[in-house]
Amino acid sequence: MRKAAVFLALLFSTLLAAAEPHSTSLADVDHRPSVSLDGPWHSIVDPYKGGWGSNTDEPGPRGYAANLHYTPGEALLEYDFAKSPVLQVPGDWNTQREDLFYYEGLLWYQRDFTYHPKPHTRAFLHIGAANYSSHVFVNDVLVCGHEGGFTPFDCEISSAVKDGANFVVIAVDDRREKERVPTLKTDWYNYGGLTRSVSIVEVPETFIDDAWLHLTPAGEIEGSVHVTGAAAGAKVAVHIPELSVDQSAVTDEAGLAKFAFHPSSLEAWSPEHPRLYKVEYTAGSDRLQDDVGFRTIEVKGDEILLNGKPVFLRGINIHAEAPVRGGRAWSEEDAKTLLSWAKELNCNFVRLAHYPHDEHMTRLADKMGLLVWSEIPVYWSIDWTNPHTLDVAKQQLHEMIQRDHDKASVILWSMSNETPVSADRTAFIRKLIAQAREEDSSRLITSALLTSFHGKTAVLDDPLGADLDVLGYNEYIGWYMDKPDATPEYKWEDPMHKPVVISEFGGGAKAGLHGPVTQRFTEEYQAEIYKKQFEMFKDMPFLQGIIPWVVMDFRSPTRQLPDIQDGYNRKGLVSNKGVKKQAFSVLQDYYAKKKQ
Ligand code: GCU
């Protein structure tokens, strides 16, 4: 009997995996009417994966997704969401319950919801991010699966929802695995769960699932609108009232309508003048509004040109760590706090390390006037020769571009961070670069590379540099190597004659710990690192930008020095409780002078 049950379960899961509906990506979800499913969800921790109801790692016929309820004296049931603990969505599970602080594994979420399908509409469940992989069920129907912990995805639920009472179950698995992206080791906390908002988005049967416009160096506005469900020849319109633009085009056989037109008297977007225009896209009965900035970004020799003029990137690195509250950042308030610190530092640029941040960050960067480096978590040594790893990296790259290619603030797509040079690694990232260029020829491509040194000479010779527009180099002179006062002795050249940005430098300090500038982990030592780095930069005329590591202390399991780190990477200019350190004003003053 048991063998038959196992065989059936395996058969069921094999059929299911093959038939698993894929997620998609809707454009501008934050500009569409939606029903929020944020709030309390029931949860079941499932380290042994019993919730699948099968003996495999895939959904089976009697798993938790059925959301059955136990009635004493009736059929055996060994779970019941209605009686299980609650977790708030959005939010990582680690910082919500002490028993989940170090939990890494499978966890099931469930909530009820009422829904009334409208005629001629399609309904999607929008998930801002679920770290790391997830299977989504509505009324015990698998509606999609997704892998990747930092990009949004949408699951169509039109045929699974009923009129009235419904329930959704989402299984999230955040185990770190060799073949995943990122892989086993990172210098940040593996916050698991439904870490960003969940909502129901309704669209017409024929709808716009992607729309973006950008300004070309020739002064043209170019872009495209993709319409799902449209036959070739369907009309699409773009209306920009303030520019008296009323353009129309028709879809090709793939549902894509392309636009290219010359605007009149355009005010270009820039950090100093973050001018956004209301853009209205229409296709059939679908209407989509966006707030769009128009600017150009190019490289010319070893310079970066913004709107045709050289720009020096006064940057700061940011992890998606929630100020004061702690845990994964997800709210508009978190974004406002983090980006306001960047503005207070006199930054014109932020690197959102090491993965796509919540869309609040890029929307707000558009409004506040901050240029953005956006990155996929191809971090350190991933499984370069595994085809699945490449597929997942490509999918995350696509989802990052698809979500944010409508935002003027985003100027750089970063393929990776500190990946040791090898033929497999370079071949892997070159495939990502080719995809990024194919998907978005309007932005620059970069990576944060490891700097190698011959004595006190930096050698910028990473072969990947040949394929990048902007070369990011990370270095920690004065922290991981040498002492701060030796920093100005280091010499740099730009052999590739491409724009170079120091994409990380800095050192740790515990807020409130004071002592001589020679005492590591004091605020004085950290400030000294910055002062000596600035002296070194004076002899690097080719430098087009600097991005100190990092605006705020963030959790990392690899930082365990008691009374100093206590589980936090302390390289922040601000403590995780929001206390500024001496180096904050050192950088602020340096950038104020750079602004002049
Ligand atoms: C590395 C890495 C960061 C890390 C930092 C550090 O360069 O890119 O993710 O946190 O250095 O060591 O603090």
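Computed over heavy atoms, backbone and side chain alike; hydrogens, waters and symmetry mates excluded. Fair warning: this is a prediction, and the values are worked out from it, not measured in the lab. All ligand and atom numbering here is 1-based and tracks the order in the structure.
The contact shell of ligand 1, taken as protein residues with any non-hydrogen atom closer than 4.0 angstrom, comprises Asp187, His354, Tyr379, Asn417, Glu418, Asn474, Tyr476, Tyr480, Glu504, Trp549, Phe554, Arg559, Asn569, Lys571.
Counting only residues at least two apart or on different chains, the ring pair (Phe, Tyr, Trp, His ring centres under 6.0 Å) pairs with a member in residues 490-512 are Phe453-Tyr490, Phe453-Trp492, Phe505-Tyr530, Phe505-Phe537. Residue pairs meeting the ring pair (Phe, Tyr, Trp, His ring centres under 6.0 Å) criterion with at least one partner in residues 416-443, sequence neighbours excluded, are Trp384-Phe428.
The pair Lys407-Glu359 counts as a salt bridge, with a side-chain nitrogen and a carboxylate oxygen less than 4.0 angstrom apart. Salt bridge Lys581/Asp553: present, at least one basic N to carboxylate O contact under 4.0 Å.
A search for side-chain contact (heavy atoms from CB on, under 4.5 Å) contacts involving Thr518 returns Pro516, not counting sequence neighbours.
Judged by distance alone, the side chains of Arg180 and Ser133 do bring a donor and an acceptor atom under 3.5 Å apart.
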